[in-house]
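Below is one structure, written out as structure tokens; the observations come after it.
Numbers here are sequence positions counted from 1. Heavy atoms only: backbone and side chains are in, while hydrogens, waters and symmetry mates are out.
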Amino acid sequence: METTWFAKRPVSDVRPGDHAWLAYSGAEERDRVIGAFIREGLDNNEKVVYVTDTPAEGLPGMRARTSPDLDAFVESRQLRVIPREQACLDAGGRFVPEKMLETLAHEAGQTFGQGFRAVRLTTDHTWVMNAPGRADLAEMLGCEHRFGDTVSPSTMAMAICQVARRACRDDELAALRDTHEVLVEINPEYDDGILKIVRTFDPHGLRVEGELDDVRHAAFADRLGALVRSHHRIHLDLSRLGFIDLGGLRLLARHAAARGGDRTLVLDDLAPAVENIIEAVGWHRLPGIVPGRRRGRPEHAGGRARGTRGEGRCR
């Protein structure tokens, strides 16, 4: 059955029954999501199974662990790092979906007997999509559907399937994504129930949700400041920001002015209420800040983007 909607969750909210999808833009995004997925599982007496040729000490979230910790996780079989040759390749080195499914089902089936409360499963399909003689897309979709049918009704298994965006065409990414009902993302940088700030990676910047008032200026300034010191152009996704006060606009203007030159702050997908406030102030009074994309429309580097606003949805 084709998925027509998605639940979008921070990685710390992934729970048993979730067959989740992560299409990452680079190593930092992948490592911060998968690192949290691994660490939290190990800290909560949950089994973690990772099909990869990377050794345990090189996994996201494990690089700061001491050797005794790692050895204990591996020896107890709480951390299972299974090489691809063993997990999913035939004698000729070709990806075999049935073998992958059998490997993951076997590991999940042993979880309770080994004394663990749940099992977390993950692998990165980028190598499959990039390999010479790559797997047929229909074969990959069938594998994902069957894996989802196993995980979704489970009360103990949760999974994140990973792929680098660059490994697939847009239509392939969309087809693979549609075999999942959960889109997983990085944990928020800040969330107090009124304001939520989430790092974004494509484009580079922040997604700001809720209300930005004077009580929360300092929290926002800290997160924005950490980005503007090291990157050329920062995008702020404001599609879910319902309110910003004048002090918040002055804060944006100060950051933009401090950067100088053409190192602009780009405001993407402005919600109508926020756009109205900015229009009342005037874009010309906010040098270094420019309107960016609207839903379904490309970014405008300078002037205001015109046209109707499309309906928001998880992407």
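Closest non-hydrogen pair, V274 versus L241, comes out as CG2-O, 3.1 Å. Across E139 and P97, no two heavy atoms sit closer than the pair CG-CG, 3.5 Å. For the residue pair I38 and P60, the shortest heavy atom distance occurs at CD1-O, 3.4 Å. Shortest non-hydrogen contact noted between L173 and A23 is CD2-CB, 4.3 Å. Residue D202 comes nearest to S25 through the heavy atom pair CB-OG, 3.0 Å, listed as atom of the first residue, atom of the second, then distance. Here the closest non-hydrogen pair linking M156 and A118 is O-CB, 3.2 Å.
Cluster annotation: I194 is not connected to Y190 through the hydrophobic network of ILVMFWY side chains, with a link wherever side-chain heavy atoms come within less than 4.5 Å. Note on W283 and L265: same hydrophobic cluster, where clusters join Ile, Leu, Val, Met, Phe, Trp and Tyr whose side-chain heavy atoms are under 4.5 Å apart, directly or indirectly. The hydrophobic clustering, which links ILVMFWY residues whose side-chain heavy atoms are closer than 4.5 Å, places L212 and V215 apart. Under a hydrophobic clustering in which Ile, Leu, Val, Met, Phe, Trp and Tyr are joined whenever their side-chain heavy atoms come within less than 4.5 Å, directly or via other members, F95 and I82 fall into the same cluster. Follow the hydrophobic side-chain contacts under 4.5 Å out from V182 and you never reach I34; the two are in separate clusters.
A 4.5 Å side-chain heavy-atom check between F220 and I197 finds at least one atom pair inside the cut-off. With a 4.5 Å cut-off on side-chain heavy atoms, I234 and H204 count as touching. Inter-residue side-chain proximity for M140 and M129 is flagged as met; some heavy-atom pair is nearer than 4.5 Å. In this structure the side chain of N44 never reaches within 4.5 angstrom of the side chain of F116, judged on heavy atoms. At a threshold of 4.5 Å between non-hydrogen side-chain atoms, the residues I244 and L252 count as touching. Taking the side chain as every heavy atom from C-beta outward, D268 and L236 never approach each other to under 4.5 Å. Residues K99 and D90 fail the side-chain proximity criterion, which asks for heavy atoms closer than 4.5 Å. By the 4.5 Å heavy-atom criterion applied to side chains, F37 and L121 are not counted as neighbours.
N187 contributes a side-chain N or O that, together with a main-chain N or O of S12, makes up a donor-acceptor pair within less than 3.5 Å. In this structure, the side chain of E46 does not engage the main chain of R120 through any donor-acceptor pair within 3.5 Å. The closest donor-acceptor contact from the side chain of T126 to the backbone of A164 lies under 3.5 Å. Here the side chain of T111 pairs a donor or acceptor atom with the backbone of A108 at under 3.5 angstrom. Listed for the D13 side chain is no donor-acceptor partner under 3.5 Å among the backbone atoms of R9. Judged by distance alone, with hydrogens and angles left aside, the side-chain atoms of D18 form no donor-acceptor pair with the main-chain N or O of A20 at under 3.5 Å.
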Open item on the list: Working note: K8 + E181, criterion salt bridge (charged side-chain N to carboxylate O under 4.0 Å, His left out); need CA distance, chi angles, decisive distance, verdict.
Closed with: CA-CA 9 Å; K8 183 175 249 186; E181 291 188 353; over 6 Å; no

- [ ] Start with the C-alpha distance between H19 and E144, add both sets of side-chain angles, then the distance that settles side-chain contact (heavy atoms from CB on, under 4.5 Å), and finish with yes or no.
- [x] CA-CA 9 Å; H19 178 217; E144 288 289 2; 3.0 Å; yes

Open item on the list: Please determine whether side-chain hydrogen bond (donor to acceptor under 3.5 Å, both in side chains) holds for the pair T122 and Q162, giving the CA-CA distance in whole Å, both sets of side-chain angles, and the decisive distance to 0.1 Å.
Closed with: CA-CA 7 Å; T122 189; Q162 315 165 40; 2.8 Å; yes

Open item on the list: Using the rule given for side-chain contact (heavy atoms from CB on, under 4.5 Å), can you reason through M100 versus V51, listing the C-alpha separation, both sets of side-chain angles and the distance that settles it, and then say yes or no?
Closed with: CA-CA 9 Å; M100 173 74 89; V51 174; 4.0 Å; yes

TODO: Let me see the working for T103 and C88 under side-chain contact (heavy atoms from CB on, under 4.5 Å), right down to the final yes or no.
DONE: CA-CA 8 Å; T103 298; C88 58; 6.0 Å; no

TODO: Evaluate side-chain hydrogen bond (donor to acceptor under 3.5 Å, both in side chains) for H217 paired with D245, printing each intermediate quantity in order.
DONE: CA-CA 10 Å; H217 287 174; D245 63 4; 2.9 Å; yes

- [ ] Assess whether side-chain hydrogen bond (donor to acceptor under 3.5 Å, both in side chains) is satisfied between R233 and T264, documenting all intermediate values.
- [x] CA-CA 6 Å; R233 174 173 280 213; T264 53; 3.3 Å; yes

Task: Chi angles and distances behind the side-chain contact (heavy atoms from CB on, under 4.5 Å) call for L89, R94 - done: CA-CA 5 Å; L89 301 183; R94 183 179 179 276; over 6 Å; no

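Atoms CZ and CG, from R293 and L267 in turn, are 11.5 Å apart once rounded to the nearest 0.5 Å. The CG atom of L206 lies 11.5 Å from the CD atom of E209; values are rounded to the nearest 0.5 Å. The line from CG of L42 to OG of S76 is 8.5 Å long, rounded to the nearest 0.5 Å. Expressed to the nearest 0.5 Å, how far CE of M62 lies from CG of L79 amounts to 5.5 Å. We find the CG-CG distance between L141 and D136 to be 8.5 Å, quoted to the nearest 0.5 Å. Atom CG of D192 sits about 10.0 Å away from atom CD of E211, to the nearest 0.5 Å.
For E40 and R15, the salt-bridge test fails: no basic side-chain N is under 4.0 Å from an acidic carboxylate O. Contact check on R146 versus E102 returns no salt bridge, with no Lys/Arg side-chain nitrogen under 4.0 Å from an Asp/Glu carboxylate oxygen. Salt bridge E28/R199: present, at least one basic N to carboxylate O contact under 4.0 Å. Using a 4.0 Å cut-off between charged nitrogen and carboxylate oxygen, E172 and R169 count as a salt-bridge pair. Salt-bridge annotation for D269 and R207: absent, with no side-chain N of the basic residue lying under 4.0 Å from a carboxylate O of the acidic one. Look at E107 and K47 and you find a salt bridge, because one of the NZ, NE, NH1 or NH2 atoms lies within 4.0 Å of a carboxylate O, short of that distance. Note on R294 versus E275: salt bridge recorded, some NZ/NE/NH1/NH2 to OD/OE distance being below 4.0 Å.
Residues F6 and H180 place their aromatic rings such that the two centres sit no closer than 6.0 Å.
Within a 6.0 Å sphere centred on CD of E85, other residues, nucleotides and ligands contribute 12 heavy atoms or fewer.
A donor-acceptor contact closer than 3.5 angstrom links the side chains of Y24 and D124.
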